[in-house]
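For the numbers below, each heavy atom of this structure counts, side chains included, while hydrogens, waters and symmetry mates do not. Because the structure is a prediction, the values reported are computed rather than measured. Residues take their numbers from the sequence shown, with the count starting at 1.
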Amino acid sequence: MTSFQSTLGDGVAEELAQNQREISIAEFFEKNKHMLGFDSGARGLVTAVKEAVDNALDAAEEAGILPDIYVEIAENGDYYTLVVEDNGPGITKEQVPKVFGKLLYGSRFHSREQTRGQQGIGISAAVLYSQLTSGTPAKITSRTKGSDTAEYFELIIDTDTNEPEIQTAETTSWDRTHGTRIELEMEANMRARGQLHDYMEHTAVVNPHARLELREPNAHEKYERAENAGLPAETEEIRPHPHGVELGALIKMLGETDSHSVSGFLQEEFTRVGAKTADSILDAFRDNHFGREAAWQTPGAGDDVDVEAVVTDAISNKGAAATSAFAEHVERAFAERDRLSYTDLEAVVANVSDTVEGETGKSFGDTVQENVVDALWGVLAADENRTESLYPFVDEATTVQKGDAVVHGLAERIAEKFDEETPRARVTRGTLETFVERAAEMTADVEDATVGETARENVADAIWASMVRVEDDVPLVREIAGERDLARDLLDAMTRTDVMAPPTDCLAPITAELVEAGLRKEYDADFYASATRDADVHGGDPFIVEAGIAYGGELAAEGSVDLMRFANRVPLVYQRGACATTQVIKNIGWRNYGLDQPGGSGMPSGPCVVMIHVASTNVPFTSESKDALANVPAIEDEIELAVREAARDLKSYLKAQRSRQKRRQKQNVIADILPKMAHKVSEMTGREELVVDDSLARIMNNVLVERESEGDTARIVVENHSGQSADLDVTDIVTEEPTDLSDGTVVEMDGEWFVKWSPSVASGDDAVLSYTVPDGSEGGLTVKGVDDEKLTVNQ
Ligand SMILES: Nc1ncnc2c1ncn2[C@@H]1O[C@H](COP(=O)(O)OP(=O)(O)OP(=O)(O)O)[C@@H](O)[C@H]1O
């Protein structure tokens, strides 16, 4: 800047203009490859694998093919060669160059459907990174389904034009019947091996229908397809949902639609908007745009207002009979209505005109009608009547005992605001709120009585509810498109109107069952829980959040809880700290759920894994490299609710576990002390030592299962000392064939007999299970159906 200033005179702008030119998108990302996840050799390799595998999964699923994907990374001197092969539908000869040789070219950007790919930039960015670091072209082979031959290309991206530069194009043969093979050479290293394996492993967890294979210099992993795993539910493309569309997007849609009426536009362009919902949105729009009209009380019998006289005064030259008939009809109409707005009043007068004309043959033109309306409005909108009209609402909405003078004063001050500045007493909700606000402040000054925030809101609510909606025609689409304030009113109406949640057939959540199964497959834990939330909307796009928790078992007890993040079934392996999921987890009070959380906030610790999956037709990432979820409040709320749902199950589990632990400790102490006491008592009394085996069960309110044998008879006695009935599975294994069974079944296996009973024993009851077996045969008892801590087995 300084150099220009010192060397150039007046023509700086012209001089600068010579250097100003368009920057191609490819040039931009060549310089800013970190934005796409290609910031280092280690990371670049993982990102390239991720982009190619995500595409392969998307393409195969879209074509209804169970994905079979092979990834190979080989060292090649100073470089690495990456090969990714899939069995997808293949890419046509015409499309291959654009898909791989042009940034921002793809099939997913404009579609509202849940796919891994979103921007049309991933795989071409990998090609760009490869050509930049190794100087070699990308080698692509693709065979489309049904074709006998494959097409082979070698190409690079011309960064000046962002167009493919084809170096080789030939028809070839390929042993796969259909699919795509990508070969990229790049400067890379295997320092991110951990992330690479995490990506593959976690991809396998949430895509059990896919078969994946990874061969790299130090490892060869195969992730087999889970038995019977079918393709995820097919997703449907949807239109945007009215909740969460942004103003700019709405204005663009208004500008592009073929609809003329707003109702047609809403029903045509948005999902879940039928005629009824469109009407509700239009009503809300009318409130925003036109406001509502206050409805003032009609004079009652006790009021000394002579309506007939007012009407008679306002009408001239219509003859006494017609004038008096008119006045009588108006008076009758007033008697039938408690309150009237300006529009209501116009309708009453028009109605009466018609009636009287029918009766008397005298017509009452617009001017006469206007005069009558003016005169009657003078009565309705008189200062005192406005105050009286508002008084009941103010009184009802101010619950705290405010003296009548204060309530009356407040009503009067609000009423005063409806002056000549508000013709037809028509105001928007916002204006009404300022009326109440200012009246409350004045009341505070004059009456020395505070009208708090809630009371003000209540008063505004009550008055607003009593006001009458203006049924004027709403402007046409083209008028709204051309005026930002109108578009904002419409957007607000869309947001505030209840609209059914979007259809979820555009989304393919993993489902709570598979989330849990995935965790079981990955982690050997004691406890698993999962939750899938209902769909919600952000920015017009529906989304679903799922969460899973695994706890205990082989999970490392030391250190922070492990967080696994997924978006549209793609594992996120970088930028954990910047991810909305991490922030939500840190903000939850985990001590509440039984986990340690040093300092009461931040990442909890313990032998636990938390998994979060966000599925959406448009996942908001913090950057193009799609590493971390952005802070979108609607999504953060759902993440929190999903995690809390799963965490509640964890809490119950941990609570039960702790109480079992306590019980076990108590039992151990008693088991230790009881024989010693029996021994001591026998010593002191000189009587035979008591057998205390059963006493422990009685003291601890346990279920006692005891095996006794007498001659050939073996007896298993079940005593239920607990407070609940017990459904048990009792198995005794003996080495001689048992006979004379009391109920039960016997199965022989390798010279051993399994004797099984399933007794139900009520609280306080007992049951005896027996059989005969030749002398000397010892049994081996196992009992199921009662927690270990609540069971005493003596054999
Ligand atoms: N293996 C493949 N088989 C079939 N079609 C593919 C394959 N890879 C890419 N495509 C097509 O090429 C397009 C561009 O892919 P690319 O990775 O550049 O972007 P994307 O996947 O759409 O979005 P993102 O930039 O978010 O990854 C895809 O939208 C898809 O239509």
Which distance, rounded to the nearest 0.5 Å, do you find between the CD of E624 and the CG of D627?
10.5 Å

CD1/I588 to CE/M603 distance, rounded to the nearest 0.5 angstrom?
10.0 Å

Just wondering, more than 12 heavy atoms not from E221 lying within 6.0 Å of its CD?
yes

Does a sphere of radius 6.0 Å around CZ in R591 hold more than 12 heavy atoms from other residues, nucleotides or ligands, not counting ones at 6.0 Å or beyond?
yes

For residues N87 and R176, determine if any side-chain heavy atom of one lies less than 4.5 Å from a side-chain heavy atom of the other.
yes

Below 4.5 Å, heavy atoms only, C-beta onward: do L781 and D732 meet side chain to side chain?
yes

With M200, which of I69, V205, V71 fulfils side-chain contact (heavy atoms from CB on, under 4.5 Å)?
V71

Side-chain contact, heavy-atom cut-off 4.5 Å: N207 with H209?
yes

What's the shortest heavy-atom distance between Y80 and P217, and which atoms?
CE2-CG, 4.2 Å

What one should report as the nearest heavy-atom pair of A567 and V619 is CB-CG1, 3.9 Å

Would you mind reporting whether D788 and R664 have side-chain heavy atoms less than 4.5 Å apart?
no

T203 and Y223: side chain to side chain contact (heavy atoms under 4.5 Å, CB included), yes or no, with the steps?
CA-CA 9 Å; T203 301; Y223 306 92; over 6 Å; no

Would you say the side-chain atoms of D787 pair up with the backbone N or O of L791, donor to acceptor, closer than 3.5 Å?
no

Working for side chain to side chain contact (heavy atoms under 4.5 Å, CB included), residues L36 and Y129:
CA-CA 10 Å; L36 302 175; Y129 182 70; over 6 Å; no

Quick one: are Y199 and V53 in side-chain contact, heavy atoms under 4.5 Å?
yes

So, the side chain of T731 versus the backbone of K756: is there a donor-acceptor pair under 3.5 Å, distance only?
no

Hey, are the side chains of R43 and S625 touching, using non-hydrogen atoms and a 4.5 Å cut-off?
yes

Going by the angle between their ring planes, with limits at 30° and 60°, are Y653 and Y551 parallel, tilted or perpendicular?
perpendicular

Crowded around E748 CD? As in, over 12 foreign heavy atoms under 6.0 Å?
yes

Looking at E61 and R116, is there a salt bridge between them, counting it only when a charged N and a carboxylate O are closer than 4.0 Å?
yes

Can a salt bridge be assigned to the pair R533 and E638 using a cut-off of 4.0 Å between side-chain N and carboxylate O?
yes

Stepwise side chain to side chain contact (heavy atoms under 4.5 Å, CB included) check, E75 with M190
CA-CA 10 Å; E75 237 178 312; M190 289 297 293; over 6 Å; no

All heavy atoms of E636 vs all of A580, minimum pair found to be OE2-CB, 3.9 Å

Apply the test side chain to side chain contact (heavy atoms under 4.5 Å, CB included) to residues T582 and R565: give CA-CA distance (whole Å), side-chain angles for both, the deciding distance (0.1 Å), then the verdict.
CA-CA 9 Å; T582 311; R565 304 168 289 139; 4.3 Å; yes

Would you find more than 12 non-hydrogen atoms of other residues, nucleotides or ligands less than 6.0 Å from D534 atom CG?
no

Less than 4.0 Å between a side-chain N and a carboxylate O, is that true for R211 and E213?
yes

Flag side-chain contact, heavy atom, 4.5 Å: I585 against P604:
yes

